[in-house]
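Here the structure is laid out as structure tokens; the discussion comes afterwards.
Below, read A as the first sequence line, B as the second, and so on, with proteins coming before strands; counting in each chain starts at 1.
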Number of protein chains: 2
Amino acid sequence: MDDHTDQIRKPRADAVRNRERVLEAAKAVFSAGGPEASLEAVAKRAGVGIGTLYRHFPTREDLFEAVYRREVEQLSELAEQLKTAKDPVDALRRWLNSAVEFVATKKGMSAALALTFQSSSELAAFSMDRLTKAIGSLLDRAVAAGQMRADVSPEDLLRALIGMCYMHDQPGWQSSVLRMLDVFVDGLRMQTAAKAKARVAKPAKPAVKRKR
Amino acid sequence: MDDHTDQIRKPRADAVRNRERVLEAAKAVFSAGGPEASLEAVAKRAGVGIGTLYRHFPTREDLFEAVYRREVEQLSELAEQLKTAKDPVDALRRWLNSAVEFVATKKGMSAALALTFQSSSELAAFSMDRLTKAIGSLLDRAVAAGQMRADVSPEDLLRALIGMCYMHDQPGWQSSVLRMLDVFVDGLRMQTAAKAKARVAKPAKPAVKRKR
DNA sequence: GAAGATACGGAGGCACCCTCCGCTTAACAA
DNA sequence: TTGTTAAGCGGAGGGTGCCTCCGTATCTTC
């Protein structure tokens with residue numbers, strides 16, 4: 001058997017194009033109709049057969065995933081830009097605010113994402129990693145500058161942020177989330193130079209006295 | 001036409017019984033199989049016909065709602081009990097912790113709830129009202145005792161709590177949420193001179209691992 | 001241009017949704 | 001108790017969307 005199998009073929013142009021079309025259509029359809037929207041509707045909007053859709057994205061979740069990955073990238077890039085801001089605490093606060101606003105435009109997708117996160121821990125890992133790094137870089141700067149306590153991880157903060165945004169079916173949710181984030185940042189912030197010093201000088205003993 | 005129409009009949013015993021059975025079955029089925037679970041499976045498990053299920057709960061959301069309402073009641077009652085605890089801040093912290101644990105046992109239901117909340121603002125209003133009052137009573141005590149800042153509403157706190165719990169697909173989510181809540185309560189807490197001192201003298205030593 | 005690999009589309013089988021209506025049963029009156 | 005009647009029950013069946021499968025079309029490579 002001849003195997004120049006390692007010879008990899010260039011992916012077909014139509015396949016690439018169709019995949020892109022489906023993603024585009026899916027984003028629109030899910031945003032409008034929620035996660036239950038018909039996949040056949042997605043295929044139709046994309047102008048491809050239902051079979052094509054299923055070949056590229058064997059399950060509904062696969063499709064959610066692919067759509068979602070893009071969104072994550074965008075937030076990640078924003079953090080990159082904010083890293084050069086002057087005030088680290090303000091930069092963090094700003095990123096959080098942007099994240100809230102970002103979520104605000106994705107109403108229809110959110111329920112879909114809730115479902116996807118639940119079943120695909122792989123996606124959760126990816127986005128966690130990506131967004132954690134984003135927050136982490138902002139957080140570290142603030143900590144390094146002595147402006148924030150250091151016992152809350154980027155993971156924790158991310159969790160709080162995403163969590164709060166899930167509540168966005170209430171009227172006024174957005175301003176409420178923003179207020180919460182302010183309180184939160186206050187909770188994280190070093191109180192005064194003196195206090196900060198005292199605290200850092202303090203010896204170990206785990207952050208909290210959690211009973212049970 | 002004779003109308004002793006105002007004469008109201010007692011609801012039929014079998015109807016009451018069946019309704020109860022369906023709720024029981026639904027809780028189990030949704031917990032295990034998530035929100036997409038077959039309603040026919042629910043009917044079968046309840047030992048009733050599919051028609052009966054649909055008469056009692058015309059839509060899938062109606063069923064979610066009814067199941068959910070009970071859960072809310074329980075949390076509400078817990079708050080009632082905690083109102084008599086000595087330390088108000090600790091009572092609040094405890095209620096929050098219990099809420100987290102409570103959610104932890106409802107894995108399968110959470111995605112369903114996310115969907116329901118999105119489409120039924122009526123349910124959201126009900127549970128918000130109920131839980132807000134629960135938190136509110138605990139929060140008020142702490143504020144009245146001068147142990148907490150007063151500019152964060154029960155609604156805000158509830159939002160943060162529920163939000164955080166939506167993240168529970170991650171390993172270790174629970175301890176993370178608990179940690180977040182601690183930080184949060186710290187952020188809320190009054191920083192009186194005495195308190196602040198106490199805090200500094202206290203262990204809140206952070207740091208630790210937090211690699212990267 | 002030919003050969004072969006790759007992708008396309010949509011028919012079709014299946015599962016589930018939900019409605020509709022004839023039958024059953026509980027509540028009330030006598 | 002028994003009769004009357006409203007309320008409730010069950011599940012057949014039409015409809016929709018899911019997903020697979022395979023004959024056909026198109027692209028890449030030589």
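Between B:E80 and B:K83 a salt bridge is recorded (basic side-chain N to carboxylate O distance below 4.0 Å). For the pair A:E65 and A:R69, the salt-bridge criterion is met [side-chain N within less than 4.0 Å of a carboxylate O].
A donor-acceptor pair under 3.5 Å links the side-chain atoms of A:D62 to the main chain of A:T59, judged by distance alone. Of the possible polar contacts, one joining the A:W95 side chain to the A:L75 backbone as a donor-acceptor pair under 3.5 Å is found.
For B:K10 and B:A41, each mapped to the nucleotide of DNA chain C holding its nearest heavy atom, the one lying further toward the 5' end belongs to B:A41.
At a threshold of 4.0 angstrom between heavy atoms, the contacts of B:T52 include nucleobase atoms, whether or not backbone atoms are also involved.
For B:H56 and D:dG8, the shortest distance from a side-chain N or O to OP1 or OP2 is not below 4.0 Å. Residue B:T59 places none of its side-chain N or O atoms closer than 4.0 Å to OP1 or OP2 of C:dC18. Phosphate proximity of D:dT16 to A:S38: absent, as no side-chain N or O sits under 4.0 Å from OP1 or OP2. At D:dC9, one or more side-chain N or O atoms of B:N18 fall inside 4.0 Å of OP1 or OP2 (strictly under the cut-off). Contact annotation: B:R12 side-chain N/O to D:dA6 OP1/OP2 distance is not under 4.0 Å. Remark: A:R60 is in phosphate contact with D:dC18, judged by side-chain N or O atoms under 4.0 Å from OP1 or OP2.
Across C:dG9, C:dC17, D:dT20, the shortest atom-to-atom separation from the side chain of A:V48 is found for C:dG9. For A:E40, counting side-chain heavy atoms from C-beta on, the closest listed nucleotide (D:dG17, D:dC9, D:dT20) is D:dG17.
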